[in-house]
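In what follows, a single structure is set out as structure tokens and then discussed.
Here is how names work: the chains are called A, B, and so on, in the same order as the sequence lines, proteins then strands, and each is numbered from 1.
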Amino acid sequence: MSFQSEIVKWYLSNKRDLPWRDTTDPYVIWLSEIILQQTRVEQGKPYFLKFLENFPNVSAFASASEEQVLKLWQGLGYYSRGRNMLYTARYVVANYGGQFPTSYEQLIKLKGVGSYTAAAISSFSSNEQQAVVDGNVYRVLSRYFGIEEPINSNLGQKMFSELAKELIIDQEPAIYNQAIMEFGALQCKPKSPVCSECPVQLGCYAFKHKKIDQLPVKLKKVKVRKRWFNYFVGITGDEILTKQRMPGDVWQHLYDFPLIETEEEVSMTSNEFLTQVEKLFGKDLELKVLEGKKHILTHQIIYVQFFAIDNYIVNFNQHAEIKSVKIEAFKQLPHPKIIGDFIEKHID
DNA sequence: AATACGGGGAG
DNA sequence: CTCCCAGTATT
């Protein structure tokens with residue numbers, strides 16, 4: 001039996017029951033695929049259900065506000081996915097009359113849809129002959145066929161997508177694509193794959209040459225930037241100070257607090273820091289240290305320090321980015337995880 | 001070709 | 001800690 005047939009056979013008796021598996025609605029599949037980009041199934045599942053409930057079709061999605069979308073997205077990360085989804089939903093309503101496209105050619109033009117997602121949606125929704133190449137596929141193919149070219153080099157990407165394209169010939173695209181990904185996720189896992197019970201063990205290059213733990217090859221080591229975010233929590237009556245984050249940095253368009261970023265941990269005896277703070281909030285300011293947190297992202301470690309402030313005066317003309325809003329309204333806004341956690345814990 | 005973009009789980 | 005997850009956009 002061929003590699004593909006074995007994979008499909010394995011899939012049919014081992015697949016998980018997932019809420020996006022029993023549909024060919026391209027909108028629903030799009031929803032699931034965007035959410036699952038760089039996101040584990042278990043983490044994405046509740047978000048998928050929540051989004052589908054709030055936006056049962058693309059027209060409903062298109063009429064949402066960005067704040068609404070980002071609020072639902074809160075905690076999932078890579079927020080550009082949410083912003084791009086809204087853009088795309090509106091684009092589909094405006095240009096395709098709310099009929100979500102199913103062809104690779106049209107899908108690949110959509111914002112937030114790359115080669116993987118276009119292949120996934122087109123194959124799952126209309127059985128188009130497009131091979132998905134995601135992290136799972138890279139791993140399975142590199143191990144089984146013994147491809148040592150780095151999966152994130154230019155040549156590597158080309159080799160893997162060529163191979164994937166050949167393998168899907170004569171296969172049922174929707175089933176086979178899902179099968180190889182599920183196989184990678186459950187059987188041919190990154191760490192301690194279940195080779196002892198593997199249906200394609202005999203043909204597997206990596207198993208035969210004891211290179212399971214060396215494949216796939218991946219270049220890159222991300223360098224991590226350290227940052228110090230000093231947040232100021234200012235509450236007067238039923239209003240709180242907030243600020244929307246701008247493009248060019250993490251958490252674009254999400255709302256946090258007035259912030260002074262420093263090159264290192266600040267000390268309360270640092271004149272430079274206190275001068276900055278007074279410049280922002282006035283001379284009569286009362287400053288109190290709240291909790292500190294370490295927030296770890298892929299490319300940066302953010303040391304977050306919260307301060308409570310009282311008797312502050314903000315010049316809203318000089319600092320148009322800062323606003324004072326009702327606390328109840330503030331809670332409805334989308335926040336970075338670290339801010340959302342703080343609100344939940346400290347602001348009633 | 002490199003880098004930014006979140007957050008979390010597994011080992 | 002490190003790795004990596006149903007990747008994409010930008011430089």
- Message: On DNA chain C, compare the nucleotides closest to A/P190 and A/K294; which residue's is nearer the 5' end?
- Response: A/K294

- Item | Inter- and intrachain pairs under salt bridge (Lys or Arg N to Asp or Glu O under 4.0 Å), touching residues 55-66 of chain A, at least two apart | none

- Message: Below the 4.0 Å mark, does B/dC5 have OP1 or OP2 next to a side-chain nitrogen or oxygen of A/Q300?
- Response: yes

- Nearest listed nucleotide, side chain of A/D134, among B/dG11, B/dG8, C/dG7: C/dG7

- Closest to the 5' end of DNA chain C, once A/P216 and A/I301 are matched to their nearest nucleotides, is A/I301

- Query: To the nearest angstrom, how far is A/R81 atom CZ from C/dG7 atom P?
  - Reply: 10 Å

- Between A/Y27 and A/N57, is any side-chain donor less than 3.5 angstrom from a side-chain acceptor? no

- Report yes if some heavy atom in the side chain of A/F257 is under 4.5 Å from a heavy atom in the side chain of A/F342; otherwise report no. yes

- Quick one: do the A/S267 and A/S270 side chains pair a donor with an acceptor below 3.5 Å? no

- Message: Under a 3.5 Å cutoff, is there a donor and acceptor pairing between the side chains of A/Q37 and A/Y116?
- Response: no

- Verify whether one side chain among A/Y176 and A/S123 offers a donor that lies under 3.5 Å from an acceptor in the other. no

- Indicate whether the side chain of A/T117 and that of A/E33 have a donor and an acceptor atom separated by less than 3.5 Å. no

- Message: Measuring to OP1 and OP2 of C/dT8, would you say a side-chain N or O of A/T117 lies under 4.0 angstrom away?
- Response: yes

- Answer yes or no: does a side-chain N or O of A/H295 lie under 4.0 Å from OP1 or OP2 of B/dG6? no

- Query: Looking across every strand, which nucleic acid part, if any, lies under 4.0 Å from A/I34 by heavy atom: base, sugar-phosphate, or nothing?
  - Reply: nothing

- base_contact_polar (B/dG7 base, A/T39 side chain, donor-acceptor, <3.5 Å): no

- Identify, between A/H299 and A/R40, the residue whose nearest nucleotide on DNA chain B lies closer to the 5' end. A/H299

- Item | Under 4.0 angstrom between A/Q38 side-chain N/O and C/dG7 OP1 or OP2 | yes

- Query: Roughly, in whole Å, what's the span from CD1 in A/I296 to P in B/dA4?
  - Reply: 17 Å

- Item | Short side-chain N/O contact from A/K337 to OP1 or OP2 of B/dG8, under 4.0 Å | yes

- Item | Modelled atom types, side-chain donor and acceptor of A/Q74 and A/K71, under 3.5 Å | yes

- Choosing from C/dA6, C/dG7, B/dG8, which nucleotide comes nearest the side chain of A/Y78? C/dG7

- Distance between the P atoms of B/dC5 and C/dA6, in whole angstroms? 23 Å

- Message: Measuring from the side chain of A/E182 (C-beta onward, heavy atoms only), which nucleotide among C/dA6, B/dC5, B/dT3 has the closest atom?
- Response: C/dA6

- Mind calculating the distance between CH2 (A/W251) and C1' (B/dG6) to the nearest angstrom? 9 Å

- Query: NA contact type, A/W73, heavy-atom cut-off 4.0 Å: base, sugar-phosphate, or nothing?
  - Reply: nothing

- Determine whether A/Y78 and A/T39 make a side-chain contact, defined as any pair of heavy atoms from C-beta on separated by less than 4.5 Å. no

- Whole angstrom value for the distance that separates C1' of C/dT8 from OH of A/Y79: 17 Å

- Query: Looking only at side-chain N and O atoms, does A/R21 come under 4.0 Å of OP1 or OP2 in C/dA6?
  - Reply: no

- Among B/dC5, B/dG7, C/dA6, the nucleotide that comes nearest once only the side chain of A/Q178 is considered: C/dA6

- Query: Closest nucleotide of DNA chain B for A/K191 versus for A/K223: which of these residues is on the 5' side?
  - Reply: A/K223

- Message: It should be established whether A/Y138 places a side-chain nitrogen or oxygen under 4.0 Å from OP1 or OP2 of nucleotide C/dG7.
- Response: no

- Atom-pair distance (CG on A/L297; P on B/dG8), nearest Å: 10 Å

- Task: Quickly work out the A/N154 CG to B/dA2 P distance and round it to whole Å.
- Result: 9 Å

- When the P atoms of B/dG6 and C/dT11 are considered, how many whole Å apart are they? 15 Å

- Note on the structure: Rounded to whole Å, the NZ-C1' distance (A/K189 to C/dC3) equals 14 Å

- Item | Among B/dC5, C/dC4, B/dA1, the one nearest A/K218 by side-chain distance | C/dC4

- Query: What is the nucleic acid contact for A/G75, judged by heavy atoms within less than 4.0 Å: base, sugar-phosphate only, or nothing?
  - Reply: sugar-phosphate

Polar atom pairs between nucleotides 9-11 of chain C and protein, under 3.5 Å, N or O only, would you list them?
{"unit_1": "C/dA9", "atom_1": "OP1", "unit_2": "A/G112", "atom_2": "N", "d": "2.5"}

- From B/dC5, C/dA6, B/dG6, nucleotide with atom closest to A/A185 side chain: C/dA6

- Message: Please report the distance, rounded to the nearest Å, between CG in A/N152 and P in C/dC3.
- Response: 13 Å

